[in-house]
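See below for the structure under consideration.
Side chains are part of it too, since the values below use all heavy atoms of this structure and drop only hydrogens, waters and symmetry mates. So that the names make sense, note that chain A is the first sequence line, chain B the second, and so on, each numbered from 1. Predicted, not measured: the structure shown is a model, and the values here were computed from it.
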2 protein chains.
Amino acid sequence: MRRLSHYLRALEGFDRNGGGTVSSEELASKGHTTAAQVRKDLSHFGSFGKRGLGYGVSELVDRLRAILGVDRAWRVVLVGAGRIGSALFEYPDFKARGYDCVAVLDSDPHKIGAKWGNTTIRDTAELEAVVVREQIDLVVLAVPAVAAQEVTDRAVRAGIKGILNFAPVRLKVPAQVPVEDVNLVMELEALSFRITRGGASE
Amino acid sequence: MRRLSHYLRALEGFDRNGGGTVSSEELASKGHTTAAQVRKDLSHFGSFGKRGLGYGVSELVDRLRAILGVDRAWRVVLVGAGRIGSALFEYPDFKARGYDCVAVLDSDPHKIGAKWGNTTIRDTAELEAVVVREQIDLVVLAVPAVAAQEVTDRAVRAGIKGILNFAPVRLKVPAQVPVEDVNLVMELEALSFRITRGGASE
DNA sequence: CTACATTTGTGAAGAATTTCACAAGCAGCC
DNA sequence: GGCTGCTTGTGAAATTCTTCACAAATGTAG
């Protein structure tokens, strides 16, 4: 459920403002749904929250963190040191959420050896070694479409746990390895689609 | 429907390989769905495709382009010339799909006046003027979260048609103005969520 | 201790989406 | 023309997701 992330984001706003508890109503007005939806979503994972009061903010934050798996550190390797890779590497919320980009790889000889902060860009050929030695959990794929499947196959064989894919291709992976796709062009197309039909339906 | 974009992407692969027609079966195997789904989706927009044969590739491409609104040029202004903005500006598929980034704005005096290719970065203060004078359709928002709502309000007042938002906030907009959100942290959370529960359900 | 004002958790109704199943249409071949 | 082999378009069934409505729980005030 993608909405859980939204709840977590909204809760952090509340937390800073000192409040001790939130009602499902308040959470819904932020977020983008109804109170009933919020309750259904949360109840699906157990039943915290006190009747008559609402949910304890800090308790709920902890629960959501655990559910989303943000209560631990994830070790990430970035493959592809192009523009997108660079932007991701610098993304501040990245590390703040426990996603640690411990290595950067690229296959361009001009880039290998360069340093980003104090991380040295290494050869993509070292992928398997890096995954194993650095105990990598996640791969962020920011390579051209043609290279994406090959890197994926190798990462999967090396025992990666999940992939965030920026290449505009549908990756073939075994069912145990989750993939999340980010496709900027598709977002723009969704936008122009909604503009051309009068679709005011977000 | 987000799947239409996938069909279009898949079709372009077929087109190059010379084939004259595709069946819903073939489209489904690429893409990520079933043949029945493909047919339902397409029939919703009219009934092209010949029984017994399948869909004419080039005809279907044209139809999908029209439905998604990619058969025209969209004039885009990029607000926020940071890492993400830079990555988007350079993104090659961008222009290839008819999304023309005709202006770049930023509020940092150090960046204003700099040139990216032959586009000069201008002051965000000029937003309204740029939107009107350059006949902008879409805003790509790549500014920090705190600035996002203000830029949005001004863009909306200036008559923008849609927003692609990279800031991690829920923008408030009138119902006629569609917004698409891209939130990298949420994608990573979705990934770790699916890893921690055995959720092999893409 | 009892009445009251809240707000959760949840079964049941309702809506939307996906899958199934099959009649109808088209091309090729005899 | 009349089969035959495919493939679309689509009503109906099945499934999933959302909303509704209300009993059960909890703190408060009298």
| query | Quick one: is C:dT17 close enough that its OP1 or OP2 comes under 4.0 Å of any side-chain N or O from B:Gln37? | reply | no
| Using a cut-off of less than 4.0 Å, is there contact between a side-chain N or O of B:Ser24 and OP1 or OP2 of D:dT8? | yes
| Just by protein heavy atoms under 4.0 Å, how would nucleotides 20-30 of chain D read 5' to 3' in B, S and -? | BB--BBBS---
| If you measure from the Lys or Arg side-chain nitrogens to the Asp or Glu carboxylate oxygens, is any gap between A:Arg194 and A:Glu189 under 4.0 Å? | no
| Sidechain N-carboxylate O distance under 4.0 Å for A:Arg170, A:Asp181 | yes
Round to the nearest Å and state the distance from [X] atom [atom1] to [N] atom [atom2].
X       : N      : atom1 : atom2 : result
B:Asp41 : C:dT17 : CG    : P     : 11 Å
A:Leu27 : C:dG9  : CG    : C1'   : 15 Å
B:Tyr55 : D:dT7  : OH    : P     : 12 Å
B:His32 : C:dT18 : NE2   : P     : 14 Å
B:Arg3  : C:dT19 : CZ    : C1'   : 12 Å
B:His44 : C:dT18 : NE2   : P     : 11 Å
B:Leu42 : D:dG9  : CG    : C1'   : 11 Å
A:Arg2  : D:dT16 : CZ    : C1'   : 18 Å

Distance-only criterion, 3.5 Å: show the donor-acceptor pairs between side-chain atoms of residues 89-97 of chain A and protein atoms not counting sequence neighbours.
| from | atom 1 | to | atom 2 | distance (Å) |
| --- | --- | --- | --- | --- |
| A:Arg97 | NH1 | A:Glu12 | OE2 | 3.2 |
| A:Arg97 | NH2 | A:Glu12 | OE1 | 3.1 |

| Inter- and intrachain pairs under salt bridge (Lys or Arg N to Asp or Glu O under 4.0 Å), touching residues 155-165 of chain A, at least two apart | A:Asp137-A:Lys161
| query | How would you list all residue pairs meeting salt bridge (Lys or Arg N to Asp or Glu O under 4.0 Å) that involve residues 30-54 of chain B, not counting sequence neighbours? | reply | B:Arg3-B:Asp41
| said: Checking B:Glu59 now: which residues fulfil salt bridge (charged side-chain N to carboxylate O under 4.0 Å, His left out) with it, not counting sequence neighbours? | reply: none
| query | Considering residues at least two apart in sequence or located in another chain, which fulfil the salt bridge (charged side-chain N to carboxylate O under 4.0 Å, His left out) criterion with B:Arg63? | reply | none
| remark: The nucleotide from C:dT8, C:dT18, D:dT7 with an atom nearest the side chain of B:Ser23 is D:dT7
| What nucleotide, of D:dT19, C:dT10, D:dT8, holds the atom closest to the side chain of A:Ser43? | C:dT10
| Base, sugar-phosphate, or nothing: which does A:Thr33 touch, judged by heavy atoms less than 4.0 Å apart? | nothing
